[in-house]
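Everything below concerns the one structure shown next.
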2 protein chains.
Amino acid sequence: MRTRHNSDGVINHDSDSDSDSMRCLSCKEEYNTRDAGTCKECYEEASENEEELKREIEDLKAKVAFLRFWSPLDHSYGRFTCPSFTDVVLIAADDGPDGTPVPAHKALLVSRSPVFKAMLENEMEESRSGTIKISDVSYEALRAFINYLYTAEACLDERMAYDLVVLAEKYQVKHLKAHCEKFLVSKLNWNNCLMNYAFAHQHNAKQMLDAALSLIIDNMDKFTKLEEYAEFVEKDPRLVVEVYEAYLSKQVNTAAHRDPSVKP
Amino acid sequence: MRTRHNSDGVINHDSDSDSDSMRCLSCKEEYNTRDAGTCKECYEEASENEEELKREIEDLKAKVAFLRFWSPLDHSYGRFTCPSFTDVVLIAADDGPDGTPVPAHKALLVSRSPVFKAMLENEMEESRSGTIKISDVSYEALRAFINYLYTAEACLDERMAYDLVVLAEKYQVKHLKAHCEKFLVSKLNWNNCLMNYAFAHQHNAKQMLDAALSLIIDNMDKFTKLEEYAEFVEKDPRLVVEVYEAYLSKQVNTAAHRDPSVKP
């Protein structure tokens with residue numbers, strides 16, 4: 001910024017494009033008072049703060065890497081043939097009696113799922129036999145499910161995410177359920193919202209339910225034109241009623257917000 | 001900001017305290033161009049970035065909470081008497097033959113320590129007997145060590161941190177070692193630096209070694225006056241020589257930096 005002092009000590013700034021301009025400490029571009037953001041002190045504080053958050057992230061990532069249990073399914077860990085002290089196998093019942101068993105550790109299943117805990121600690125059939133049969137699931141989904149319990153990681157596509165929501169709900173693995181719901185919410189669109197709403201309803205997936213309902217309500221004028229609308233009215237009318245109820249409730253609330261004399 | 005145009009179109013700013021002043025978007029205080037930090041765009045970007053980092057931290061914390069294995073030592077988890085499917089016990093050999101055993105899972109020990117992995121997977125005495133004797137360690141330190149393998153958490157004081165560095169080095173648990181070293185570095189002072197330097201040397205604790213050496217070299221004029229100096233010259237003179245060598249090397253490097261014609 002070019003400045004000059006005039007005779008009575010008042011600072012004159014040249015009135016061309018860079019009058020009042022300063023250089024941003026972050027992007028190094030010039031800007032003027034109209035586009036000013038923060039003072040230097042706050043900028044420095046924010047930079048330190050950012051560094052600290054980044055250090056915290058590094059520490060947490062190292063902790064996750066340490067706590068990740070190498071999975072008995074993880075062939076890249078050591079020799080494939082190494083004993084891994086597994087004491088239980090899970091079998092996808094859909095595979096029939098000769099389904100490939102997925103090996104695991106009782107202690108880990110118990111630690112991650114209250115349902116496995118109840119099953120294995122209470123001397124039920126599964127605990128005695130060392131075999132847990134899981135119905136309505138493919139081998140691939142079961143394998144991905146068990147792998148998540150060890151590593152908190154899953155390679156998702158939509159099909160797998162739906163399957164894992166079902167398993168996570170059944171075995172009460174909240175962290176996995178939230179992970180899959182987040183993924184499915186990111187894939188939500190007008191074409192799949194009613195199907196997702198019904199799925200979320202059935203499997204108690206609150207995050208998905210809210211997102212799907214919100215999308216439907218925001219486009220209520222097109223609701224009855226949805227391809228599956230008639231099918232749902234026929235098959236599951238209570239679900240459709242709930243959408244209308246939520247829409248009505250939102251309308252009343254909005255009206256009450258605009259005019260406080262209207263009671264919601 | 002008060003501005004006025006003079007006759008030839010040049011903007012004059014009043015030269016009193018708030019000339020050129022703007023309001024910081026972060027602290028809401030007024031500041032002038034001299035104390036300017038960032039432009040508005042960078043401020044907004046930084047705020048979004050900060051929010052994103054905070055979300056990442058929340059996600060990672062949830063992941064850590066999920067992956068934390070409830071420890072067989074953790075009495076607060078469920079009933080104390082619940083079976084936890086442990087298949088090995090560790091005993092602090094210092095406690096004598098009747099030492100209290102610390103129960104654990106082979107699979108977890110193998111997952112966290114390459115030394116336990118070699119020991120348990122290779123049908124050594126410990127694997128067959130299901131008992132691992134650990135020498136030169138108290139029951140409390142052994143318990144804290146095993147607990148850390150399950151939870152990545154330890155309640156440290158200096159004594160415990162030293163004990164855990166020794167165990168972490170012996171069983172190659174890098175994450176625990178780094179955690180304890182960080183704690184001990186935070187407790188480093190002039191009175192304990194030589195002792196810490198020797199300890200770090202003995203147990204291959206690089207982080208501590210660098211911090212202690214750096215503190216000594218920065219106060220080299222007082223080095224020979226350290227209480228334990230004579231004792232170390234007597235007991236472990238090579239260690240003292242290494243300090244002198246590091247000091248000399250730093251001096252030569254500093255000289256070379258000041259005068260590039262001096263070769264380090």
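Every chain is numbered from 1, with letters handed out A, B, ... down the list of sequences.
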What part of [X] gets closer than 4.5 Å to chain A, counting heavy atoms only: side chain, backbone, both or neither?
| X | answer |
| --- | --- |
| B:Leu176 | neither |
| B:Ala46 | neither |
| B:Glu153 | side chain |
| B:Ser47 | neither |

Got a salt bridge between B:Asp59 and A:Lys182, using NZ or NE/NH1/NH2 to carboxylate O under 4.0 Å?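 So B:Asp59 pairs with A:Lys182 through a salt bridge.
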
Note: B:Lys61-A:Glu56 ion pair, threshold 4.0 Å (strictly below):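 So B:Lys61 pairs with A:Glu56 through a salt bridge.
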
Rounded to the nearest 0.5 Å, how far does [atom2] of [Y] lie from [atom1] of [X]?
| X | Y | atom1 | atom2 | result |
| --- | --- | --- | --- | --- |
| B:His105 | A:Ser111 | NE2 | OG | 9.0 Å |
| A:Asn32 | B:Met22 | CG | CE | 9.5 Å |
| A:Tyr31 | B:Cys42 | OH | SG | 9.0 Å |
| B:Cys27 | A:Glu45 | SG | CD | 8.5 Å |
| B:Lys54 | A:Leu53 | NZ | CG | 6.5 Å |
| A:Leu60 | B:Ile57 | CG | CD1 | 6.5 Å |

Take A:Thr38 and B:Thr38, measure what side-chain hydrogen bond (donor to acceptor under 3.5 Å, both in side chains) needs, and give me the verdict at the end. CA-CA 5 Å; A:Thr38 64; B:Thr38 65; 3.1 Å; yes

Would you say that more than 12 heavy atoms from the other residues, nucleotides or ligands in this model lie under 6.0 Å from the CD of B:Glu41, or not?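 Atom CD in B:Glu41 is not crowded, with 12 or fewer foreign heavy atoms closer than 6.0 Å.
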
If you count heavy atoms of other groups shown closer than 6.0 angstrom to CZ of B:Arg128, is the number above 12?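 It does: B:Arg128 CZ has more than 12 such atoms within range.
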
How about A:Glu121 and B:Phe85: do any of their side-chain heavy atoms sit closer than 4.5 Å?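 Answer yes - side chains close enough.
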
Looking at side-chain heavy atoms only, is the closest gap between A:Glu50 and B:Glu50 below 4.5 Å?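 Not in contact.
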
Top contributor to chain B contacts, counting heavy-atom pairs under 4.5 Å, from A:Ala62, A:Ala36, A:Cys39: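 Most pairs with chain B among the choices: A:Cys39.
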
How are the rings of B:Tyr148 and A:Phe66 set to each other: parallel, tilted or perpendicular (split at 30° and 60°)?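 Answer is tilted, since the angle falls between 30° and 60°.
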
Any donor-acceptor pair under 3.5 Å from B:Arg68 side chain to A:Leu67 backbone: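 Such a contact is absent between B:Arg68 side chain and A:Leu67 backbone.
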
